[in-house]
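Working notes, structure below.
Both ligands and their constituent atoms are indexed starting at 1 by order of listing. The residues of the chain are indexed from 1 along the displayed sequence.
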Amino acid sequence: MTATIIDGKIIAAEVRAEAKVEVEKFVSLYNTNPCLAVVLVGENPASQVYVRTKSKMAKEIGMDIEDHIKDKDISEKDLIDLIAQLNNDKKVNGILVQLPLPEHIDSRVIIDAIDPIKDADGFHALNVGRNSIGGDLLKKSFVPCTPLGCYLMLKKNIPNLAGMHAVIIGRSNIVGKPMAQLLLEESCTVTTVHSKTKDIETITRQADILVAAVGRPLMVKADWIKPGAVVIDVGINRVENPSDTSKTMLVGDVDYVNAMSVASAITPVPGGVGPMTIACLLRNTVQAAFRQKISKI
Ligand code: NAP
């Protein structure tokens, strides 16, 4: 068996194109562009790259972008004040605080200071709660962008996920936990494994859908995968390039080359989940813009 490659670049382009249509609809109805405010604290090079890419893609679909670049020494209070200012700014529809924040700032306090209806990342406790309850509340919540991207890729491949056994490796608030909730909502049987789980391979081998969100290069070997499973690799790991040790390369959490002969479909790294995350951020922001015209939270 050779797995089908689930091409995140193509699906992300479709999600961005749909978001662009929504942006145009919003502009024609309200005569203003949806606007995303991005808050970046410090000079983490990876964060700077993410923020630049987000800004570029937002502009491409006609969304306005406000960058708020702050010194790494900004106090928690000043950051909360900035969030309050963005919450009250009618022009701003989505607020994204680029993580990680410096250690002296409590990320949870900052995220929960964001107005939930502007929480384009879906990390606010109210949105987390709504996602956990599911059902109709999902229509009012924002789903975190990376698991939402994984979900959209899965649904494109398997429209009816009911009854499938999904195993998720990783239980972070950003990826693993919301991914589990989304798949439970689709009536999958969901197992979440993590660093304390015993005999992970025995569990992953039972997965019809395997989502790896660990941050350990090539950890998931081919013999961890059930033949015919669909594999979503969230991991982004920078490692030494074996063919030129002066260079680095990106690999996922899954041993992609060998997994190709076992899985029925698999996402590559790069070019899989990565592009979906930004596309889903744009999707969430334009949804936020519309919701703000209708209700408060
Ligand atoms: P995280 O917060 O570090 O969480 C990692 C999870 O993996 C934790 O739940 C941890 O378990 C578990 N884990 C660690 N070592 C393990 C092991 N040996 N066996 C089983 N489980 C293990 O990471 P994250 O934010 O969820 O991100 C995960 C990966 O996805 C990273 O590579 C990150 O760069 C990537 N990522 C990609 C995107 C994208 O846009 N494509 C977005 C976000 C993240 P414990 O809870 O027990 O510690």
Side-chain angles (χ1 to χ4, degrees), residues 6-13 15-16 38 44-54 57 96-101 103 107-108 111 120-123 128 131 142-154 166-183 190-207 210-221 223-225 231-239 248-256 266-284:
I6 305 174
D7 191 328
K9 283 184 280 190
I10 293 176
I11 305 173
V15 174
R16 289 199 306 276
V38 178
N44 179 325
S47 295
Q48 288 173 330
V49 173
Y50 288 141
V51 166
R52 272 201 300 276
T53 312
K54 282 167 186 170
M57 295 204 161
L96 175 137
V97 177
Q98 184 65 45
L99 301 176
L101 290 170
E103 274 182 10
S107 304
R108 180 42 58 196
I111 289 164
D121 249 343
F123 293 156
V128 174
N131 290 332
F142 296 103
V143 176
C145 303
T146 300
L148 177 58
C150 297
Y151 168 81
L152 294 176
M153 287 197 288
L154 273 171
V167 174
I168 296 153
I169 316 177
R171 55 173 164 175
S172 71
N173 290 322
I174 292 174
V175 191
K177 280 185 202 162
M179 188 75 233
Q181 284 159 356
L182 282 170
L183 294 177
V190 180
T191 306
T192 301
V193 300
H194 47 77
S195 69
K196 307 290 184 295
T197 303
K198 296 192 177 94
D199 199 8
I200 284 192
E201 303 93 295
T202 306
I203 301 168
T204 59
R205 267 184 226 120
Q206 297 167 31
L210 181 59
V211 180
V214 192
R216 298 201 178 262
L218 313 182
M219 183 181 94
V220 178
K221 306 298 175 206
D223 65 358
W224 291 31
I225 300 169
V231 178
I232 305 287
D233 190 353
V234 185
I236 300 179
N237 308 289
R238 189 163 286 285
V239 296
T248 60
M249 60 187 281
L250 291 181
V251 296
D253 290 339
V254 178
D255 178 1
Y256 178 77
I266 187 166
T267 59
V269 177
V273 176
M276 291 299 288
T277 299
I278 296 181
C280 289
L281 172 70
L282 305 180
R283 184 187 200 256
N284 279 356

Checklist entry - Can Asp253 and Asn237 be counted as having a side-chain donor-acceptor contact under 3.5 angstrom? => result yes
Checklist entry - If you measure only the distance, is there a donor-acceptor pair under 3.5 Å linking the side chains of Thr248 and Arg238? => result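 Note: Thr248 and Arg238 side chains meet the donor-acceptor criterion.
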Report the nearest protein non-hydrogen atom to [atom]: residue, atom name, distance rounded to 0.1 Å.
| atom | value |
| --- | --- |
| atom 27 (O) of ligand 1 | Val175 CG2, 4.3 Å |
| atom 24 (P) of ligand 1 | Ser172 OG, 3.7 Å |
| atom 14 (C) of ligand 1 | Val214 CG1, 3.5 Å |
| atom 42 (C) of ligand 1 | Thr146 OG1, 3.1 Å |
| atom 48 (O) of ligand 1 | Ser195 OG, 3.6 Å |
| atom 29 (C) of ligand 1 | Gly215 N, 3.6 Å |
| atom 33 (C) of ligand 1 | Ile236 N, 4.2 Å |
| atom 35 (C) of ligand 1 | Val234 O, 3.4 Å |

Item to check | Single hit among Leu154, Ile11, Ile266, Val231 for side-chain contact (heavy atoms from CB on, under 4.5 Å) with Ile6 | outcome: Ile11
Next on the checklist: I need the contact type for Met219 against ligand 1. Using non-hydrogen atoms and a strict under-4.0 Å cut-off, is it side chain, backbone, both or neither?
Outcome noted: side chain
Next on the checklist: If we set the cut-off at 4.0 Å for heavy atoms, which region of Ile200 has an atom near ligand 1: side chain, backbone, both, or neither?
Outcome noted: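 For Ile200, the contact with ligand 1 is made by the side chain alone.
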Item to check | Straight-line distance of Thr146 OG1 to Leu281 CG, nearest 0.5 Å | outcome: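 Output value for this atom pair is 9.5 Å.
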Checklist outcome for this item: dist Ile203:CD1 -> Leu210:CG (nearest 0.5 Å) comes out at 11.5 Å
Under a 3.5 Å distance rule, please check whether [X] uses its side chain to pair with a backbone N or O of [Y] as donor and acceptor.
| X | Y | answer |
| --- | --- | --- |
| Thr197 | Ile200 | no |
| Asp121 | Cys145 | no |
| Thr267 | Val273 | no |

Checklist entry - Would one find more than 12 heavy atoms of other residues, nucleotides or ligands at under 6.0 Å from atom NZ of Lys221? => result yes
Checklist entry - Evaluating non-hydrogen atoms only, which member of Ala46, Gly170, Gly272, Pro144 is closest to atom 12 (C) of ligand 1? => result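 That would be Gly170.
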Item to check | Numbered atoms of ligand 1 (with element) below 4.0 Å of Ala213, judged on heavy atoms | outcome: 5 (C), 6 (C), 7 (O), 28 (C)
Checklist entry - Going by the atom numbers of ligand 1, which of them fall below 4.0 Å from some non-hydrogen atom of Thr277? => result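 Every atom of ligand 1 under 4.0 Å from some heavy atom of Thr277: 39 (C), 40 (O).
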Checklist entry - Is there side-chain contact between Lys177 and Val128, with heavy atoms separated by less than 4.5 Å? => result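 Lys177 does not reach Val128 side chain to side chain.
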Next on the checklist: For ligand 1 and Lys196, I'd like to know whether there is a polar contact (N/O to N/O, distance under 3.5 Å).
Outcome noted: no
Checklist entry - Under 3.5 Å between some N or O of ligand 1 and some N or O of Arg171? => result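 For ligand 1, there is an N or O atom that lies under 3.5 Å from one belonging to Arg171.
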Item to check | Sub-4.0 Å heavy-atom approach of Gly176 to ligand 1 | outcome: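 Heavy atoms of Gly176 never come under 4.0 Å of ligand 1.
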